[in-house]
Amino acid sequence: MEVVIAPSPDDVADLAAGIVARAVSTLDTPVIGLATGSSPLPTYARLIAQHRAGLSFAHASAVTLDEYVGLADGHPESYRTVIRREFVDQIDLPVERLHSPDVHAADLAASCSDYDRTVVDLGVDVQLLGIGGDGHIGFNEPGSSLSSRTRIKTLTDQTRTDNARFFDTLDAVPRHVVTQGLGTISDARHLVMLATGGSKALPIAEMVEGPVSASCPASVLQFHPHVTVLIDEVAAHELVHAGHYRETYRNKPSWQQL
Ligand code: F6R
């Protein structure tokens, strides 16, 4: 796990956009895993700017991590709608190659398995991730199996409260979601965690330095061979080994990319 403590949220977004842009410009058929929520928005803004300056996503595919169950198709807060509005509709990635869970299928369990197969068959090159206050990635809440696949989950009260800012009322936040499992997410070749601000300091410390445990689902990243954790100074506040991470990044060999 490579932990990069950047001076500011802007630097975090610059580094993350650089990783995605490199994959898009060097791979024949890049597959990018997209997260929703606030954390990746500045990264998407930079990628949109790079697209306007010439970076093409026409040969790329994308997969989303998760989706609310119970919102009408096209609801403004459905994650497919959000990811189209905030990113995909502003670049030239063909919308038919934006894959997301079908939460309206009559057989939801079969639809989850189908989506899992789609993600595996595509093979995600770079997966962007945010972390929840309770240590979730995707919508894998505490207690999630570390080898789980795409399935339906129930949100914790903490996550529903955190996400209420996107809805008119807390009651409007769905209780159920479909999410890629921790095993599904771990199949991606490169995992890039983005976290900025004080509310992320504790979950990031648990993820990076705590025990690997279903109680902090993001800690499963400790098993993955290629994880880049991009955080700002504030989100790094609880890390015991912050000095070592800074030293390591300062002395990163010039030939070695993020
Ligand atoms: C969203 C997702 C979630 C968020 C997490 C952090 O697709 O997978 O795990 O990344 O809840 O959300 P923000 O970035 O809004 O703090």
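Indexing begins at 1, ligand by ligand and atom by atom, following the structure's order.
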Any idea which protein heavy atom is nearest atom 11 (O) of ligand 1, and the distance to it? His136 NE2, 2.6 Å
Just by distance, no angles: are the side chains of Ser111 and Asp102 close enough, under 3.5 Å, to form a donor-acceptor pair? no
For atom 6 (C) of ligand 1, which protein heavy atom lies nearest, and how many Å away is it? Ile131 O, 3.3 Å
Atoms in ligand 1 flagged as close to Leu65, the criterion being non-hydrogen separation under 4.0 Å: 8 (O)
Flag for Ser61-His99: side-chain donor and acceptor within less than 3.5 Å: no
In ligand 1, the atoms that come under 4.0 Å of a heavy atom of Tyr79 are 1 (C), 7 (O)
Starting from the C-alpha separation in whole Å, work towards a yes-or-no answer on ring pair (Phe, Tyr, Trp, His ring centres under 6.0 Å) for Phe167 and Tyr68. CA-CA 12 Å; Phe167 293 83; Tyr68 290 115; 5.6 Å; yes
Return yes if a side-chain donor-acceptor contact under 3.5 Å exists between Asp162 and Thr159, otherwise no. no
Which of the listed options, Gly132, Gly135, Gly138, holds the heavy atom that is closest to atom 3 (C) of ligand 1? Gly138
At the 4.0 Å heavy-atom cut-off, does Arg165 count as touching ligand 1? yes
On a heavy-atom basis, I'd like to know which of Gly33, Gly37, Ala35, Ser39 is closest to atom 14 (O) of ligand 1. Ser39
Closest to atom 13 (P) of ligand 1 by heavy-atom distance, out of Ala218, Ser38, Gly130, is Ser38
Around atom 16 (O) of ligand 1, find the nearest protein heavy atom and jot down its residue, atom name and distance. Lys200 NZ, 2.6 Å
Any donor-acceptor N or O pair under 3.5 Å, side chains Arg151, Asn140: yes
Taking atom types as modelled and ignoring hydrogens, do the side chains of Thr196 and Asp232 form a donor-acceptor contact shorter than 3.5 angstrom? no
Which of Arg149, Gln127, Gln180, His224 passes side chain to side chain donor-acceptor pair (under 3.5 Å) with Asp187? Answer is Arg149
Give the numbers and elements of all ligand 1 atoms closer than 4.0 Å to a heavy atom of Asp66. 1 (C), 2 (C), 7 (O), 8 (O)
The protein heavy atom nearest to atom 1 (C) of ligand 1 is Thr36 OG1, 3.2 Å
More than 12 heavy atoms of other groups within 6.0 Å of Arg22 CZ: yes
